[in-house]
Protein chains: 2
Amino acid sequence: MAEKTFKILVVDDEPDILEFLSYNLEKEGFSVETAENGKQALEKAKKSQPDIVLLDVMMPEMDGIEACRTMREMPQFEHTIIAFLTARTEDYSQIAGFETGADDYISKPIKPRVLVSRLKALLRRYEAKESKSSFLDVGNIQIDRERYLIIFNGTEMAVPRKEFELLYLLASKPGKVFKRDEILNEIWGRDIIVGDRTIDVHIRKLREKLGEDLIKTVKGIGYKFEEI
Amino acid sequence: MAEKTFKILVVDDEPDILEFLSYNLEKEGFSVETAENGKQALEKAKKSQPDIVLLDVMMPEMDGIEACRTMREMPQFEHTIIAFLTARTEDYSQIAGFETGADDYISKPIKPRVLVSRLKALLRRYEAKESKSSFLDVGNIQIDRERYLIIFNGTEMAVPRKEFELLYLLASKPGKVFKRDEILNEIWGRDIIVGDRTIDVHIRKLREKLGEDLIKTVKGIGYKFEEI
DNA sequence: GATGTAATTAACGCTAAGTTAACACAATTT
DNA sequence: AAATTGTGTTAACTTAGCGTTAATTACATC
């Protein structure tokens, strides 16, 4: 069984460190991308959807802490592994106290072999988590997260990302009414503001594909997935 | 619209910001109080027991960090939501290092809609903790808050929101007589004013669905839920 | 029977949701 | 790079039905 190639985004403002890390990580079979600050990191991450983001804490433009928090707010990075690179002198608790949602803190100076083994450990943990929830089976519909496909009455169909996420969310707890706020926070992220009608439109598109019965409106509250 | 009116204490030393925030929060149905420094904030908070405290970090007299720590040490503010307003230029680690126990950090410049959506998210999390039971079971009726359904004699039925909230309130303490004022405050919120007859109508609609025996009128006082 | 309070109805206004089309932007193809 | 297609969001309008009002009737209590 061929191992999957993992994508790593390394973010540091010192070119030397970037090169050093890239070299060592690539040697281990990782696919490496780099960025020089938090802002750049976000842009690149959005495009390439890395499995791991290695973030230096101190950086110009946008520091690692903020970059991490921003990413964690975005649904697309919910399962991305984020690890901080911290200088020895920096107080670890400073970062930890922030509840940034980072998965690990790796302190400089970095020893390549240590780094790689830590990352592999993280990946193992992450894969174990992922495999559990990557497939949903409720009633006459199956949702395959890995392939981004839904199987409705036995026929496979591709749905756009937002619709997919929406359906996945609703179907993850059949019967439960998801409030509009809840949906917005889960799918769009807490700081992304979209108009009220946006949810409706996505619901509509889903109903067009899956029929009117699967998703029910609870007026004044939100929507729920009804298992048939 | 409003389930409950939440009290917010906004603390900042700049009157402009106070006004700006007050205006926007009040527009969203929050009940807003203001203070100009940490000391004043503490005094006001003790009296009014706000649900949320929005604290600027930099302030004369007593800064936000100290105010937050002081509040967190007092049992009466154990469950109060405390959020910091931080300028982007301020060093996060300054705040983080203190382990102040704040629930969120909102960075300036503040966009009203972002602020409101974050606060709502915080409130949801907090409410989820507070309300222990999303499921009520009294006699021949069960109320499922998560699914927004009531099960009456074994049959599920959907009821409109206001009726649902009303029934839930009454059924949460069977036998207790809820005064009209009490009901208005709980279901409609502190400063939403509706006529007295509105309650009657909702009671009527519930009785139509659940029979005449479940909800009893106590003339001159209010209503109570009678367990059968 | 007078007075006040609650129940009952129907009708209406308003808000939340549905609908549709058009737009902006990304991703893809040529 | 240009064109095309796909996706997500907004805007404007419509619809439905919830929540409210108001007007009337019934019921207490004095």
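Going from atom CD1 of B/I203 over to atom C1' of D/dG19 covers 14 Å, rounded to whole Å. Taking atom CG on A/D196 and atom P on D/dA12, their separation rounds to 15 Å, with Å as the unit. At whole-Å resolution of the value, NZ in A/K216 and P in C/dG18 are 13 Å apart. Distance CD1 (A/I221) to C1' (C/dA17): 13 Å, rounded to an integer number of Å. Separating the CD atom of A/E43 from the C1' atom of C/dA26 is a distance of 15 Å, rounded to the nearest angstrom. For the pair A/L206 CG and C/dG18 C1', the computed distance is 15 Å after rounding to whole Å. Per the geometry, CD belonging to A/E208 stands 14 Å off C1' belonging to D/dG8, to the nearest Å. Between the C1' atom of D/dT21 and the CH2 atom of B/W188 lies a distance of 13 Å, rounded to the nearest Å.
Residue A/T198 has its side chain nearest to D/dT10 when only D/dT10, D/dG8, C/dT9 are considered. Between C/dA6, D/dT9, D/dG17, one nucleotide has an atom nearer to the side chain of B/T217 than all others, and that is C/dA6. The side chain of B/D200 sits closest to C/dT8 out of C/dA17, D/dG8, C/dT8. Of all nucleotides listed (D/dT20, D/dG19, D/dT10), D/dT10 comes nearest to the side chain of A/V201. When distances run from any side-chain atom of A/R197 to the nucleotides D/dG19, D/dA11, C/dT8, the shortest one goes to D/dA11. Closest to the side chain of A/K219, from the set C/dG18, C/dT9, D/dG17, is D/dG17.
OP1 and OP2 of D/dT7 both lie 4.0 Å or more from every side-chain N or O belonging to A/Y148. The side chain of B/R180 places no N or O atom within less than 4.0 Å of a non-bridging phosphate oxygen (OP1 or OP2) of C/dT5. Note on A/Y223: every side-chain N or O is 4.0 Å or more away from OP1 and OP2 of C/dA16. The side chain of A/R161 contributes no N or O atom lying less than 4.0 Å from OP1 or OP2 of C/dA26. Residue B/H202 has a polar side-chain atom (N or O) positioned under 4.0 Å from OP1 or OP2 of D/dT20. When the side-chain nitrogen and oxygen atoms of A/R204 are compared with OP1 and OP2 of C/dG18, none of them lie within a distance under 4.0 Å.
The base of D/dG19 sits with one of its N or O atoms less than 3.5 Å from a complementary donor or acceptor on the side chain of B/K205.
Ionic pairing of B/K176 and B/E182 is present here: one or more N-O contacts between side-chain nitrogen and carboxylate oxygen are shorter than 4.0 angstrom. Contact check on B/E165 versus B/R161 returns no salt bridge, with no Lys/Arg side-chain nitrogen under 4.0 Å from an Asp/Glu carboxylate oxygen. Taking 4.0 Å as the cut-off between side-chain N and carboxylate O, B/E208 and B/R204 count as a salt-bridged pair. In this structure, A/R180 pairs ionically with A/D200, as a charged nitrogen and a carboxylate oxygen lie closer than 4.0 Å.
Side-chain contact between B/L119 and B/L25 is present, with heavy atoms from C-beta onward closer than 4.5 Å.
Nucleic acid contact class of A/F164 (heavy atoms, under 4.0 Å, all strands): none.
Of the options A/E163, A/R145, A/K209, A/M157, a side chain to side chain contact (heavy atoms under 4.5 Å, CB included) to A/I150 is made by A/M157 and by none of the others.
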